[in-house]
Amino acid sequence: MLRQFELVEKVKDYDPDADEAALNRAYVYTVQKHGAQKRASGDPYFSHPIEVAGLMTDLQLDEQTIITALLHDTVEDTLVTIEDIEANFGPEVARLVDGVTKLSKIEAMPENERAAENLRKFLLAMSEDIRVLLVKLADRLHNMRTLHFIKKPEKRQRIARETMDIYAPLAERVGMYEYMREMQALAFRELEPEAYTTITKRLDHLRNQDGGQVDAIALKIKQALAEAGLTVEVSGREKHPFSIWQKMSERHVSFEQVTDIMAFRVITETEADCYTAMGILHTTWQFLPGRFKDYISTPKNNGYRSLHTSLMYENSMRVEVQIRTREMHQRNEFGLAAHWAYKQHDEADGQVGWLRDLIEIVDASHDAEELLEHTRLAIYQDRIFAFTPKGALFQLPKGSTSVDFAFAVHTDLGLSTVGAKINGRHMPLRTPLNNGDVVEIIKGAAPEPQLSWLGFVVTGKARAAIRRAVRLKERAEVAQIGSKLFDEIATQVPARIGKKAIRGAIDRLGLDGAEDLMHAIGSAKLSDREVMEALVPGCTADMDEDAQWPARDRAISIKGLTPGVGFELAQCCHPVPGDRIVGLRRKGETVLVHTIDCLELINGVDTDWLDLSWGKRSHGAVGRLSVTIYDRPGTLAEMAGVFAQNKTNVTSLSQSEFDDPFVTYEIEAQVQDLSHLARILSALRASDAVAQAERL
Ligand code: MN
């Protein structure tokens, strides 16, 4: 374990201006707070954060990152709060520690809920500052190094699997190849102990057989390059058991067939030397065509730069060679961390240095996809990640609300949503969620999706489900109206209408069933005459065409008036034949006819009320409606089409309200009678363009 002064010395070595007192305080703080807690190894717990801090100094990270590493488990595992950290170490360290703590959330999640890809995205999205991710990776690396101390095999397996699936790919993603390789090596040993042992034994065997081939080849390479006047460093290694195993399983070959088990690295002084060195190697040994890659002129997505080639050594052994400058090497092995560490020393404002680097890499990238890859910290900025109270993770587009979340969990949950708690607090359903929110959906007794939700949901799934549910509900309502109209129509045909007749009518009309028939009647897709004809074929042949009421025709008579007395239909309530009506007698004037529920009647309490009814065959009046449609191209025309299909003349139309995404119109239309008006309303409600339709 690093001692206090050793840690400080390491930091001072590359950053002479680092705040020694702050580093010392953080060291003491973590020792105190973790106190007597123990690791599985039996070591005091604080040895872990101190080792993690040590790993961060190897990457020459700034003092805030080192302090964050020291404190990274205090909030999670001790009584310390983020507020304590802020009071003692300032807001920046507090933010970083908070970030690392939040990343630990996933470790508490139930295993079956954790899709690896989801988690990688989550980790990236949560790591708004790359330093948070670096500390987390170092944390995991150290935990892997001490994995063998954990007694329970299931726990070891779980941690190893998680490392293989999540953390090693993440390390690769940000170019931390050293971390990636070590994590994979340690995880492989745990996950595939047999394969690990077999491959290791084979490697030992080979090594004994040829007595240190690696060093001999490295020397040969170095000599060849020195003869050409190049100063280089050459190192060689056997590939790690995991990468050999990977090749074996990817290419379905046996160990014997994996020929390139040795890899060499040539470090040059300049970029030009890289190409010179490669030319020399290619003329000294036979090289494998198609295996050569130039990542210097075309770096990998994460900024990796190097030349790669494969040579046939002594005609039988295939060896891999990587050629790069020292600076490229540093950056390759430690990715952006190294890139950042290099830069921050020449910049006054190291704080934004890493961000600037990121932008620099983005500028240098070639296409949109690569750019996205580079801005890995920005890549998921259009997404948020939220948890169920049980810890299941859901990924949603930014701006998503509790309703979107509920539908993401399950359509049934979405439909029965009545409220939501975000992080334990009741919040309006339209509240946009934030990264890391815990969302608890409150369910109602019955599904009752609200049309108004369409005004704020952002996911397609929620939108489609709400539309479907609302439409089904409307359909049921329309069918109900249709069923009432049907009873009326049935009385007009010259036969008793039973189930058999209805079935016959459904067949003749090519409909799906009784509900379908009632809906067709309710939404005025069928005229009375068509229904009658379907029930009793031929029964309408001698019927007066008038039964269909040509539009504009008006024939109103009122029963209950003294003969000779004139009447007028009131402009406030616009009674239509079929409404229950009363008349107000006014001295020397006509009788004013109101609907029975008209509010204007209050002003006539002391006048004479006449109990009126409509004369037989009365038809033709003005109906007033309020119709709310979606504000998008074509919806107004679609609404107008509904009126036209119902042979209705619209006499006045004005916009009364605009509430994105809806717009509401007040409409006056000539209707025949109450059932005509009801049918128009049903047809409007059945239209995709219409959100709501009511009589005024
Ligand atoms: Mn830790």
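All of these numbers come straight from a predicted model, not from anything done at the bench. Throughout, numbering of the chain's residues begins at 1 and tracks the sequence.
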Next item on the list: Start with the C-alpha distance between I466 and L415, add both sets of side-chain angles, then the distance that settles side chain to side chain contact (heavy atoms under 4.5 Å, CB included), and finish with yes or no.
Entry: CA-CA 7 Å; I466 295 166; L415 292 173; 5.6 Å; no
Checklist line | Separation of E440 CD from I442 CD1 (nearest 0.5 Å) | finding: 6.0 Å
Item checked: Derivation of the side chain to side chain donor-acceptor pair (under 3.5 Å) call for T590 and E568 -> CA-CA 7 Å; T590 53; E568 249 178 84; 3.1 Å; yes
Notebook entry, point to check: Counting only N and O atoms by type, is there a donor-acceptor contact under 3.5 Å from the side chain of D516 to the main-chain atoms of L511?
Noted result: no
Check: Say you draw a straight line from CG of L599 to SG of C572; how long is it, rounded to the nearest 0.5 Å?
Finding: 9.0 Å
Next item on the list: Measure up the Y630 and F662 rings against each other and bin them: parallel (under 30°), tilted (30 to 60°), perpendicular (over 60°).
Entry: tilted
Notebook entry, point to check: Could you state the interatomic distance from CE (M518) to CD (E515), rounded to the nearest 0.5 Å?
Noted result: 9.5 Å
Next item on the list: For the residue pair V439 and N423, establish whether any side-chain heavy-atom pair is separated by less than 4.5 Å.
Entry: no
Check: Less than 4.5 Å apart, any side-chain heavy atom of V458 and any of T401?
Finding: no
Margin query: Rounded to the nearest 0.5 Å, what separates atom CG in L433 from atom CD1 in I422?
Written below: 5.0 Å
Notebook entry, point to check: Quick one: are I489 and I521 in side-chain contact, heavy atoms under 4.5 Å?
Noted result: yes
Next item on the list: Compare every heavy atom of A94 with every heavy atom of I82, then report the nearest pair and how far apart it is.
Entry: CD1-O, 3.8 Å
Notebook entry, point to check: Are any side-chain N or O atoms of T628 and backbone N or O atoms of A691, one a donor and one an acceptor, separated by less than 3.5 Å?
Noted result: no
Note to self: Under the salt bridge (charged side-chain N to carboxylate O under 4.0 Å, His left out) definition, can you give me all pairs with a residue in residues 686-696, not counting sequence neighbours?
What the structure shows: R471-D688, D579-R695
Check: What heavy-atom pair brings T411 and F407 nearest, and what distance separates the two atoms?
Finding: O-CE2, 3.6 Å
Next item on the list: Would you name the heavy atoms of A408 and L396 that are closest together and state the gap between them?
Entry: CB-CD2, 3.7 Å
Next item on the list: For atom CZ of R632, decide whether the heavy atoms of other residues, nucleotides or ligands shown that lie under 6.0 angstrom number more than 12.
Entry: yes
Check: So, R585 side chain and V591 main chain: donor-acceptor pair closer than 3.5 Å or not?
Finding: no
Next item on the list: Locate the shortest heavy-atom distance separating T459 from P397; write the atom from each residue and the value.
Entry: CG2-CD, 3.6 Å
Check: Can you find a pair of side-chain heavy atoms, one from L535 and one from F486, that are under 4.5 Å apart?
Finding: yes
Note to self: Could you check whether any side-chain N or O of T635 sits under 3.5 Å from a backbone N or O of D631, counting only pairs where one atom can act as donor and the other as acceptor?
What the structure shows: no
Notebook entry, point to check: Taking all atoms of both residues into account, what is the closest heavy-atom pair of A686 and H519, and its distance?
Noted result: CB-NE2, 4.2 Å
Notebook entry, point to check: Got more than 12 heavy atoms from elsewhere within 6.0 Å of CD, E448?
Noted result: no
Next item on the list: Report yes if the side chains of P537 and R508 come closer than 4.5 Å at any heavy-atom pair, otherwise no.
Entry: yes
Check: Above 12 or not: heavy atoms from other molecules or residues under 6.0 Å from CZ of R580?
Finding: no
Next item on the list: Measure the CD-OG1 distance between Q670 and T648 for me, rounded to the nearest 0.5 Å.
Entry: 9.0 Å
Notebook entry, point to check: For residues D98 and T101, is any side-chain donor paired with an opposing acceptor at under 3.5 Å?
Noted result: no
Checklist line | CA sep, side-chain torsions, deciding dist, call: L612, V582, side chain to side chain contact (heavy atoms under 4.5 Å, CB included) | finding: CA-CA 5 Å; L612 303 178; V582 291; 5.9 Å; no
Notebook entry, point to check: Do V576 and D673 have side chains that get closer than 4.5 Å, going by heavy atoms?
Noted result: no
Note to self: With heavy-atom distances below 4.5 Å as the criterion, would you say the side chains of I581 and W614 are in contact?
What the structure shows: yes
Item checked: Rounded distance [0.5 Å steps], OG1 in T664 versus CD1 in I667 -> 10.0 Å
Margin query: Quick one, E668 with H574, criterion side chain to side chain contact (heavy atoms under 4.5 Å, CB included). Give me CA distance, side-chain angles, the key distance, then yes/no.
Written below: CA-CA 10 Å; E668 290 189 3; H574 288 278; 3.9 Å; yes
Check: For A689, does its backbone N or O pair with a side-chain atom of S687 as donor and acceptor, under 3.5 Å?
Finding: yes
Notebook entry, point to check: More than 12 foreign heavy atoms under 6.0 Å from NZ of K461: is that the case here?
Noted result: yes
Next item on the list: Count the heavy atoms belonging to other residues, nucleotides or ligands that lie under 6.0 Å from CG of D611, then report whether that count exceeds 12.
Entry: no
Check: Stepwise, does the side chain to side chain contact (heavy atoms under 4.5 Å, CB included) test hold for T417 with K443?
Finding: CA-CA 5 Å; T417 297; K443 278 179 78 171; over 6 Å; no
Next item on the list: Only counting residues at least two apart or in another chain, list the ones meeting side-chain contact (heavy atoms from CB on, under 4.5 Å) with A683.
Entry: V642, N646
Checklist line | W453 vs L429 side-chain heavy atoms within contact, under 4.5 Å | finding: yes
Check: If you take all heavy atoms of L526 and L517, which pair is closest and at what distance?
Finding: CD1-CD1, 3.9 Å
